[in-house]
Number of protein chains: 2
Amino acid sequence: MTRAQFDRDNVIKKSIKLFWERGFSASSMQQVVKSTGLKPGSIYLAFGSKEGLFREALGAYAQRSIESIREVLDNEKSIGEGICKILTRYVEESTKKDYCSCFLIKTQLELAAEGNELYQIAAAKLNSIEDLYRSYLEREFDPDLSRLRATSIMLHIFGVRVYGYQQGSAKRMHEGLRTGLPWLPWPPLD
Amino acid sequence: MTRAQFDRDNVIKKSIKLFWERGFSASSMQQVVKSTGLKPGSIYLAFGSKEGLFREALGAYAQRSIESIREVLDNEKSIGEGICKILTRYVEESTKKDYCSCFLIKTQLELAAEGNELYQIAAAKLNSIEDLYRSYLEREFDPDLSRLRATSIMLHIFGVRVYGYQQGSAKRMHEGLRTGLPWLPWPPLD
DNA sequence: AATTATTTTGAATGATCATTCAAGATGTGT
DNA sequence: ACACATCTTGAATGATCATTCAAAATAATT
């Protein structure tokens, strides 16, 4: 180690924001240079390519997401209540002005056709999130039911991540989630 | 009218395929030229821009989708059975080798951040599809329940369109749909 | 047949793309 | 203080991008 390198965490944070918002193809390295403050040479020395930087950003996002799920599920009174909290949070996120769905989902949809490695990563991470829900559910339900319900949860999460773009959709989503996941301990809607 | 123009329908069909698979940003006009057989000048005279061509392709796709939904719902014995058939078809589509979700959803996710007009179109069309389901449901259920169930259906459609990328997901989706939409007259799973 | 209107052609344009690399700067080891 | 390893710089590179337009071709009209 020679000189204090650039703040890698911050660069990844900025890259997540850019790539998440605009996607892989529509984000230019020029924009990366601008938003991270790094010069092209530094980026390429550190990450190898645009794809390399994207991969690291995507990985960091996935880790952050998984940790955030664990954090909620570990601290709520029951798994069901934790899941309600997470889903409710996702609905609320969608009401924000700069809402942009889920980075993993967007990457999967954008890059699936090219059989891109980044698509494989996104798909694998989403799969591991389903596994996470399943393993938590197994603390309260039998394995078969847990697997089934984990799938149903994922269908609803994906649904919310897309439906969230519809204007004024929050209220309908809250109701729709209660309709499709009636076995969860939902707090009453006011 | 002077000379018989190029086959517009066929050009749109080819453009739908390209844009649907690869998205707006990752599709180049060079690829459009190659896949449609048209030269740049003809494309620009007829559609004005890449965005113009994309808009027409997206519109044609949306119309086709809506017609296909109507066709099923009009011919099945009940609305519920029609919806089951449509959802089952979406699951089966996802098992095809060149599966690429839904053109409207992909467009919405790709172009939302830029506030692009194409995003507005995609969002509006998806909204009109929900309205279509709601209006059909109102033939069999009261308005409030119809609205609620239309939302729940859309959540599941969006879910299926994303979840479909997961390997071996068809079976789980069939089960997950029955879990989340238990009020539909599902045929038994074998 | 001649004229006019429209469509097609495809090379050319300038912008922007991801990436490179020689030169300079900064830190560590001696 | 000197040498060495590493990092940063940013202009340059060649490829590819969307788009244009003058010229040629084709059809309708006179």
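Computed from a prediction, not measured in an experiment: that's the story for all the values here. In what follows, every chain begins at residue 1, and chains take the letters A, B, ... in the order their sequences are listed.
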Practice task
Among D:dG10, C:dT9, D:dT19, find the nucleotide with the atom closest to the side chain of B:Ser49.
Solution key: D:dT19

Handout entry: Between B:Glu130 and B:Thr151: side-chain donor-acceptor atoms closer than 3.5 Å
Key = yes

Problem - C:dA18 OP1/OP2 closer than 4.0 Å to side-chain N/O of A:Gln30 - result: no

Exercise for the section: Starting from P on C:dT26, measure out to CD on A:Gln5 and report it in whole angstrom. Expected result: 15 Å

Handout entry: Atom pair distance, as rounded to whole Å: CG in A:Leu53 and P in C:dA18
Key = 11 Å

Practice task
Please state whether the phosphate of D:dT20, meaning OP1 or OP2, lies under 4.0 angstrom from any side-chain nitrogen or oxygen of B:Tyr44.
Solution key: no

Problem - B:Lys39 side chain, from C-beta outward: closest of C:dT9, D:dT8, C:dT7 - result: C:dT9

Problem - Sugar-phosphate, base or nothing in reach of B:Ser27, heavy atoms under 4.0 Å - result: sugar-phosphate

Problem - Atom-pair distance (CZ on A:Phe47; P on C:dT20), nearest Å - result: 16 Å

Problem - Euclidean distance, atom CD1 of residue A:Ile43 to atom P of C:dC17 [Å, nearest integer] - result: 13 Å

Practice task
Let me know the distance between CD of B:Glu51 and C1' of D:dC17, rounded to the nearest Å.
Solution key: 16 Å

Problem - Euclidean distance, atom CZ of residue A:Phe54 to atom C1' of C:dA18 [Å, nearest integer] - result: 16 Å

Completion exercise
B:Lys50 has its side chain closest, among D:dT19, D:dC7, C:dT19, to D:dT19

Problem - Closest-nucleotide 5' rank along DNA chain C - winner of A:Gly48 and A:Gln31 - result: A:Gln31

Problem - Cation-aromatic face contact B:Arg149/B:Tyr133, 6.0 Å, 45 degrees - result: no

Completion exercise
Rounded to whole Å, CZ of B:Arg22 lies from P of D:dC17 at a distance of 11 Å

Handout entry: Donor on one side chain, acceptor on other, A:Ser78 and A:Glu81, under 3.5 Å
Key = yes

Handout entry: Row check, A:Tyr90 ring normal vs A:Arg161 NZ/CZ: under 6.0 Å, within 45°
Key = yes

Handout entry: Length of the line joining A:Phe6:CZ and D:dT6:C1', which is rounded to integer Å
Key = 13 Å

Practice task
Report yes or no: does B:Glu110 contribute a side-chain atom to a donor-acceptor pair with the main-chain N or O of B:Thr107 at less than 3.5 Å?
Solution key: no

Problem - Among C:dG10, C:dC17, D:dT8, the nucleotide that comes nearest once only the side chain of A:Ser28 is considered - result: C:dC17

Practice task
Identify which nucleotide among C:dT8, D:dT8, D:dT9 has an atom closest to any side-chain atom of A:Leu45, counting heavy atoms from C-beta outward.
Solution key: D:dT8

